[in-house]
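The next block holds one structure in the form of structure tokens; read it before the comments.
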Amino acid sequence: MSGSAPERSERPGKPGESGRRDEAEWFARPVRTIARPWLEELARRLASIDALSKEEREAVLEAGHTALLKSLHAKLSRLFLIELHALRMTAGGGHHAEDAGAGSDTQTWTAFLEQAGEEGYLDRLAGRYPNVGPRIASVARLSVAATAGFAERLAADREVLRPLLGGSAGELRAVTFGAGDTHRGGLTVSRVDFAGGSVMYKPRPSESDVALGALLDELYADFPGAPSPDERIRVPRTQAREGYGWAEFVRHRYCAGETELAAFYRNVGHWLAVLRFTGGTDMHAENMIAAGPVPVIVDAETLFDAPAPFPPSGRGDAVDVAAAAIRRTVLRTGLLPVRGTGFALGGVDISGVGSLPGQQPLIPNPVIADAGTAAARFQVDLVAMPTAGNHPSPTPVLSAYWDRILAGFREMTAHLRRPGTEPHRLLRRFEGAQARRILRPTQAYVDIGRMLWHPASLHDETAAVERARDILRRNAEVLPGAPTGRAAIDGEIADLLAGDVPMFTFTVDSAAVRTTVEDWRTADLALEEAVIQDALVGAYLNERSLPTRTQAAARDPHARDRERRRRDLAAQMVRRLCDGAVRGEDGTVTWISPVFTPAGWSIRVLPADLYTGQGGVALTLAEYVSEVRAGRADEVPGVAETFEGALRVLVGTEDRTPTPSPGAFSGAASQVWTWLALHRVLGEDWLLERAAARALLLAEGRLVEDDVEVDLLNGAAGAVVPLLNLAAATGQDRWLGAAAHIGRRLTGLATLDASGARWTTRLNPEGIGGFAHGATGIGWALTRLALGDAGSAAERRDWNHLAERAFAYQESLYRPEHGNWLDVRIGAEEDFFTSWCHGSAGVGIGMLDLHRRTGDPAHLDMARRAARACAAEGFGWSHTLCHGDLGLWEFLTSMDFGDPCDLDAEILTGLEQRGPVGGLAREAFSPSLMSGLSGVLHTLLRMHPAATLPNPLLLD
């Protein structure tokens, strides 16, 4: 997504800009000196505009000057810091070097500001930075021209603004430049405040906004049960001029109550249908304003998108078919939640209806540390994402309105497809309008632009430009549609050198209309609706604040005719799994689903992992094939072929895509464990060899060293037990060495205090308890390590002691009055859970395993308390292994807690009465092992008394 200009009353700083309120003031003195000639030039140009009063010209002058100062400060700060340190190292400023080296030294700072604030300072640096003067002059010249051009247009168009303001504009009071990225010579969307109200200035052709508004007017003219004009979707009223436009200022307002909230989300569904019809993209949080019940799209420049075809992935035809299908869906509109995967925005959701408060990870942001002293330097802080005006309430509960969004999409789509509708005629009004294509993510331009303004680049611009060319070329290799030609790439670099974000536009013609209509007519509406359901899951990150859970225990559960019912349900589940697959002409098989990644939930083709990926699904299909052979499951046509196709995709995905983490459920360890489990189920030697090959990622690569997750699910702790399993299966000690290395790293990362040991992670910086993400799981892994032959005897004693401290921390969270352990995640919506991932089921499973291995009564005591907590809360949450009834069944069955027939009855009857319920994903199709359909099938197969299938919850 582009991250382009918003149009609202307030806009916080963007990622990568100043991380502190006064950041742009540290070098204000030298920047003002450098900008002074350009301020004078702008004043001269504004003085010639007689249609503006003196006060109005001063307002424009002040706004233009402020925008230029911010721009220059951002571009020159690194250079100033380098020169500050040069002064310190050479004992400049009239005092001694040893004094200048002190972090509290303010004299060097003051001396540097005096030096840098002198006229001609940049000229004196020309020997080291030969291009800095011309580059600054280019930026300033464009900024002056853009500001003066705005003033000239304002002077000529004042009367044109009447329809937008409902009367005379009156005197100009203020201008705010820089509401978004600059393009094509410093041009940027700007807010203009008059005595008579506010408008937005758009320095780009605005005919597409006018056309979209007219399309909406026509659609609602005969819409069944049409909402009033004040309650339906719309765009700002716009006055299009030659090459630019003026738009109504839309003020953000929260909904007044439940009725308005319901209308807002129904309107979001209408927007999804309209944007799918018009080929709209890039409608992220800053491009939508919540005006009470009306979501207003304030930037309609990215319509008539034509997704570029991707080259074959090498993972199988099924993957390519599924990926192409996803790229065509409403997911590309930018309205639906999707998580970023890059370094700067990893895990960030900037979507129009996402970007939920409390659901965003902290993001890296460069700031000046120790400013005002000789120790000043750039450092990267983690800061919260700025809020936008896209939400209809301060604490939006998107999950409560999923059905409204889907209903709105269905009804507007039905209206567009009603008999007699001529889609070509509806879209013909856009012909001749200019539209924009987002060919590269704006964040890529931000990163390259920052590099091009680094002092090293200013010292050797030729080398920096060549680096930029190489980055952009390599970016195009993985981003079909991005420019690849030398001329186009050089044009992008020229924009970045001038401080602009490159922009690509085209004129909508009849061919673009035909292509868009054909794409819409051939859409798979069932897939579109599934994507909407699935993508909305992605708004919720790491279960920090889940949708409201609803307990619906089975009515009159019974175990009569248990075996027949188990077999019938298993056959139903495997048919659903096979029917939901995407198949390629080459026989490969995969699925489209919400998947869990280290960055959060996202709708995509399955990755390779065990948790929500291809590995877990392929393993479950293999289990079904094996149980059929053993006579414990019924033959279902096509299962073996589906398994073979899925296995081919699993191999291709592992071989051709980066493995994101070392974790036991999302990363390299999950791959090792999956192949070991497949070997156990099928007994084929090559499967064990494959497990060893994937373990090289843990033994030889950087995954363990670079890991910031630490925990079982995503982090290095998750690799311990799979490596121990591999060592036992192969007899090779090298895997014990790899496990010992992880044990040493976990020791070094532990936080120890009076409560015990815990581990700070990126996703849970507070350090938490629990099995999948917290201290209990890491302690369990350390105990397993200490019980084996890895490391020295002394290290094993230390690992065992550290594990005991981890269990002590877990015990510090126990609340006898609740009979459960407190969930201390910041932002968690409940205090106590019984799930495997964060609750007592996970604690109990781990402790029971350790009791069986050690005989320690303390472990058994924790397991028994966990079983009581699980039994007290009971069943009826969801049919998932991770955070639902299946995890409870696995634990309580292992504990022999209660009558096994009663436990089976809860699962069987619940599935018969409700069907498989995925909890977080609700009715959205999920084939996954840990949070979806494969987990249901796996549990039904393990329910047979003679089954000896692997248990992923314990990585056995």
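Hydrogens, waters and symmetry mates are skipped; everything else that's a heavy atom, side chains included, is used. The chain is numbered in sequence order, starting from 1.
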(message) Hydrogens and angles aside, do T909 and R565 bring a side-chain donor and acceptor to less than 3.5 Å of each other?
(response) yes
Kindly list each side-chain donor-acceptor pair under 3.5 angstrom involving residues 733-741, sequence neighbours excluded, with atom names and distances?
unit_1 : atom_1 : unit_2 : atom_2 : d
R734   : NH2    : E700   : OE2    : 3.0
W735   : NE1    : Q732   : OE1    : 3.0
H741   : NE2    : E705   : OE2    : 2.3

(message) My understanding is that only residues two or more places apart in sequence, or in another chain, count here; which of them pass side-chain hydrogen bond (donor to acceptor under 3.5 Å, both in side chains) with D798?
(response) none
(request) May I ask you to decide if G667's main-chain N or O and D609's side chain share a donor-acceptor pair within less than 3.5 Å? (result) no
(request) Please check if the side chain of D317 supplies one atom and the backbone of E585 the other of a donor-acceptor pair under 3.5 Å. (result) yes
(message) Test side chain to side chain contact (heavy atoms under 4.5 Å, CB included) on T620 and L929; report intermediate values, then the result.
(response) CA-CA 7 Å; T620 306; L929 176 63; 3.6 Å; yes
(message) Can you confirm whether W673 sits close enough to D956 that some side-chain heavy atom of one is under 4.5 Å from a side-chain heavy atom of the other?
(response) yes
(request) Check whether any side-chain N or O of R865 sits under 3.5 Å from a backbone N or O of L860 as a donor-acceptor pair, and report yes or no. (result) no
(message) If I compare all heavy atoms of A716 with all of P662, which pair ends up nearest, and what's the gap?
(response) N-CG, 3.6 Å
(message) Checking D561 now: which residues fulfil side-chain hydrogen bond (donor to acceptor under 3.5 Å, both in side chains) with it, not counting sequence neighbours?
(response) R564
(request) Determine yes or no for a side-chain-to-main-chain donor-acceptor pair under 3.5 angstrom, with N725 supplying the side chain and A728 the backbone. (result) no
(message) Main chain of S840, side chain of T834: is a donor-acceptor contact present, judged purely on distance under 3.5 Å?
(response) no
(message) I'd like to check V639 versus L577 (side-chain heavy atoms, cut-off strictly below 4.5 Å). Are they in contact?
(response) no
(message) Quick one: does any side-chain atom of T588 pair with a main-chain N or O of A318 as donor and acceptor, under 3.5 Å?
(response) yes
(message) How long is the straight-line distance from CG of L697 back to CD of Q671, given to the nearest 0.5 Å?
(response) 6.5 Å
(request) Check the pair R583 / C578 against side chain to side chain contact (heavy atoms under 4.5 Å, CB included), numbers first and verdict last. (result) CA-CA 10 Å; R583 301 175 186 275; C578 293; 3.8 Å; yes
(request) Look up atom CZ in R566 and atom CG in L941, then write down how far apart they are to the nearest 0.5 Å. (result) 6.5 Å
Pair up each side-chain donor or acceptor in residues 944-955 with any protein partner under 3.5 Å, not counting sequence neighbours, and list the distances.
unit_1 : atom_1 : unit_2 : atom_2 : d
H944   : ND1    : A946   : N      : 3.0
N951   : OD1    : L953   : N      : 3.1

(message) Set out, in order, the CA-CA distance, both residues' side-chain angles and the distance that settles side chain to side chain contact (heavy atoms under 4.5 Å, CB included) for F807 and L850, then state yes or no.
(response) CA-CA 12 Å; F807 303 145; L850 295 184; 3.5 Å; yes
(message) Using 0.5 Å steps for rounding, measure from the CG atom of D568 to the CE atom of M573.
(response) 10.5 Å
(message) So L886 and F891, do their side chains get closer than 4.5 Å, heavy atoms only?
(response) no
(message) Going by salt bridge (charged side-chain N to carboxylate O under 4.0 Å, His left out), name the residues that satisfy it together with R853, two or more places apart in sequence or in a different chain.
(response) D849
(message) Under a 3.5 Å distance rule, please check whether N764 uses its side chain to pair with a backbone N or O of I768 as donor and acceptor.
(response) no
(message) So R745 and V704, do their side chains get closer than 4.5 Å, heavy atoms only?
(response) yes
(request) Please answer whether the main-chain N or O of G876 pairs with a side-chain N or O of D885 as donor and acceptor at a distance below 3.5 Å. (result) yes
(message) Going by side-chain hydrogen bond (donor to acceptor under 3.5 Å, both in side chains), name the residues that satisfy it together with R796, two or more places apart in sequence or in a different chain.
(response) none
(message) Donor-acceptor check, side chain of S593 to backbone of V595, threshold 3.5 angstrom: yes or no?
(response) no
(request) List the atom of Y611, the atom of S931, and the distance in Å for their closest heavy-atom pair. (result) CE2-OG, 4.2 Å
(message) Ignoring hydrogens, what is the shortest heavy-atom contact between A775 and A806? Give both atom names and the distance.
(response) O-CB, 3.5 Å
(request) Tell me, with the steps shown, if W836 and H883 meet side chain to side chain contact (heavy atoms under 4.5 Å, CB included). (result) CA-CA 6 Å; W836 169 82; H883 42 264; over 6 Å; no
(request) Name all residues meeting the side-chain hydrogen bond (donor to acceptor under 3.5 Å, both in side chains) criterion together with E641; count only those two or more places apart in sequence or in a different chain, and write none if there are none. (result) none
(message) To check you understand the geometry: which heavy-atom pair defines the closest contact between L724 and R784, and what is its length?
(response) CD1-O, 3.6 Å
(request) For D634, check salt bridge (charged side-chain N to carboxylate O under 4.0 Å, His left out) against everything at least two apart and list the hits. (result) R567
(message) Please enumerate all residues that pass side-chain contact (heavy atoms from CB on, under 4.5 Å) together with D856, with sequence neighbours excluded.
(response) T854, A858, H859
Less than 3.5 Å apart, which donor and acceptor atoms pair up between the side chains of residues 683-693 and the rest of the protein, not counting sequence neighbours?
unit_1 : atom_1 : unit_2 : atom_2 : d
E684   : OE1    : W686   : NE1    : 2.8
R690   : NE     : E654   : OE1    : 3.3
R690   : NH1    : D655   : OD1    : 3.3
R690   : NH2    : E654   : OE1    : 2.9
R690   : NH2    : D655   : OD1    : 2.8

(request) Rounded to the nearest 0.5 Å, what's the gap from CG on L903 to OG1 on T893? Could you check? (result) 4.5 Å
(message) Measuring only between side-chain heavy atoms, which start at C-beta, is V708 closer than 4.5 Å to T761?
(response) no
(message) I'd like to know whether CZ of R656 has more than 12 heavy-atom contacts from other residues, nucleotides or ligands below 6.0 angstrom.
(response) no
(message) According to side-chain contact (heavy atoms from CB on, under 4.5 Å), who are the partners of A781, at least two apart in sequence or on a separate chain?
(response) L712, V720
(request) Report yes or no: do S666 and S661 form a side-chain donor-acceptor pair below 3.5 Å? (result) yes
(message) Testing the basics here: between G743 and L785, what is the closest heavy-atom pair and its distance to 0.1 Å?
(response) CA-CD2, 3.6 Å
(message) Quick one, W591 and P927 - any side-chain contact, counting heavy atoms below 4.5 Å?
(response) yes
(message) As an exercise, state the distance from CZ of R315 to CG of D320, rounded to the nearest 0.5 Å.
(response) 8.5 Å
(request) List in chain and number order the residues that pass side-chain contact (heavy atoms from CB on, under 4.5 Å) with V628, two or more places apart in sequence or in another chain; answer none if no residue qualifies. (result) Y624, A633, E635
(message) When you compare the side chain of L698 with that of L723, does any pair of heavy atoms fall below 4.5 Å?
(response) yes
(request) Quick one: do E890 and R942 satisfy salt bridge (Lys or Arg N to Asp or Glu O under 4.0 Å)? Show the steps, please. (result) CA-CA 9 Å; E890 184 67 51; R942 275 180 63 85; 2.7 Å; yes
(request) Determine the minimum heavy-atom distance between V636 and A571, stating which atoms define it. (result) CG2-CB, 3.9 Å
(message) With rounding to the nearest 0.5 angstrom, report the CE to NE2 distance, M847 to H851.
(response) 12.0 Å
(message) With heavy-atom distances below 4.5 Å as the criterion, would you say the side chains of H938 and L881 are in contact?
(response) yes
(request) Verify the distance criterion only: is there a donor paired with an acceptor across the side chains of D823 and H838 at less than 3.5 Å? (result) no
(request) Spell out, as yes or no, whether a donor-acceptor pair under 3.5 Å connects the side chain of Q810 to the backbone of G770. (result) yes
